[in-house]
Amino acid sequence: MRSKYVAGNWKMNMDKASAIELAKGLVESVKGLNAKYMIAPPFVYLDAVYQVIKGSNIILGAQDMAATKNGAHTGAVSGEMLKDIGVETVILGHSERRYEFYENDALINKKIHLALESGLDVVLCIGELSSHRIVGVTERICELQIREGLKDVSEEQLSHISIAYEPVWAIGTGKTATPEEAQAVHASVRSVITRLYSPKAAEEIKILYGGSMNDANAEELLAQPDIDGGLIGGASLKVDKFTTICKFASK
Ligand code: PGA
């Protein structure tokens, strides 16, 4: 039986004081809950947040990383640097990276390999645009993003990877996929993993849902058999909302 995983993607929000305050609140409110919990603050607050959450049951995540190793890459932050300051996992392939920063599957694949080499776990984000859904190619788009994103990733390495299915039309819009819509895609993602790897790998991999998941809809989404958790944006910025979701995952 897969345990659940709830991750908060803070995106480009907050200042240092509010990041510390949010982290402190979460350490208290999530204490004793038994799912896997991760928060991903902006790069500049990673260290400050780490000082608050170290030793708790919340792990530190980063929202992105460089596609190159340490060296002359102005403005970039490497996987090794992230690992060095307490980061355990990195979100890669988020649709905001794909569409605002023109990241493609090949680049995301390169980052995944570098993350794994640096000893980081990965949350690989995939998901269709609303135009894809309208013409009925959601599952094909997701399969392509998985195939390309996980190119040359071994089954052993796959144990360090979770997948977040995030329909782009649902991110930050308040429009959530229905539990049935989400479950259907999650089941198809799991069958892609069966085909690419093995039934065992598919049974073990955690597939999170993201896209306007909040304290009001999380319980129903998390009750679906193939939804193993959530990647939460807006609702991860408030202690009470995020904690409610964390509690549903801990049942
Ligand atoms: P949202 O963001 O919960 O604000 O829709 C989710 C995400 O982008 O990971």
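The analysis underlying the following values was restricted to heavy atoms, covering all of them including side chains, and did not include hydrogens, waters or symmetry mates. Ligands are counted one by one from 1 in listed order, and the atoms in each one are counted from 1 as well.
With hydrogens left out, the protein atom closest to atom 4 (O) of ligand 1 is Gly234 N, 2.9 Å, a heavy atom. Nearest protein neighbour of atom 7 (C) of ligand 1, counting heavy atoms only, is Glu166 OE2, 3.1 Å. Scanning all protein heavy atoms for the shortest distance to atom 2 (O) of ligand 1 gives Lys11 NZ, 3.2 Å.
No cation-pi contact links Lys16 to Tyr45, judged by a cut-off of 6.0 Å to the six-membered ring centre and 45° from its axis.
Judged by distance alone, the side chain of Asp121 and the main-chain N or O of Val90 form no donor-acceptor pair under 3.5 Å. Side-chain N or O atoms of Gln157 include one that pairs as donor or acceptor with a backbone N or O of Ser154 at under 3.5 Å.
Here is the list of ligand 1 atoms found below 4.0 Å of a heavy atom in His94: 7 (C), 8 (O), 9 (O). Interface atoms of ligand 1 facing Leu231, defined by a heavy-atom separation under 4.0 Å, are 6 (C), 9 (O). Listed by atom number, the atoms of ligand 1 under 4.0 Å from Gly211 heavy atoms are 5 (O). Ligand-side atoms of ligand 1 in range of Ser212: 1 (P), 3 (O), 5 (O), range being under 4.0 angstrom from any heavy atom. Below 4.0 Å from some heavy atom of Ala170 lie the following atoms of ligand 1, by number and element: 5 (O).
Only the side chain of Asn9 comes within 4.0 Å of ligand 1, counting heavy atoms alone; its backbone N, CA, C and O stay farther away. Of the heavy atoms in Ser95, none comes closer than 4.0 Å to ligand 1.
Under a 4.0 angstrom heavy-atom cut-off, Ala235 registers as lying outside contact with ligand 1. Distances from ligand 1 to the non-hydrogen atoms of Gly210 include no value under 4.0 Å. For Ala164, the closest heavy-atom approach to ligand 1 does not fall below 4.0 Å.
Every pair tested for ring pair (Phe, Tyr, Trp, His ring centres under 6.0 Å) that includes a residue from residues 224-251 fails, sequence neighbours excluded, so the list is empty. Among pairs with a residue in residues 80-92, those fulfilling side chain to side chain donor-acceptor pair (under 3.5 Å) read Asn70-Glu80, at least two apart in sequence or across chains.
Ranked by closest heavy atom to atom 5 (O) of ligand 1, the top entry among Ser236, Gly233, Cys125, Gly172 is Gly172.
Under a cut-off of 6.0 angstrom, the local environment of CD in Glu180 is crowded, with over 12 non-hydrogen atoms contributed by other residues, nucleotides or ligands.
In this structure, Asp64 pairs ionically with Lys111, as a charged nitrogen and a carboxylate oxygen lie closer than 4.0 Å.
In this structure, CD1 in Ile85 is found 9.5 Å from OH in Tyr50, a value given to the nearest 0.5 Å.
Counting only N and O atoms by type, the side chains of Lys206 and Ser3 include a donor and acceptor under 3.5 Å apart.
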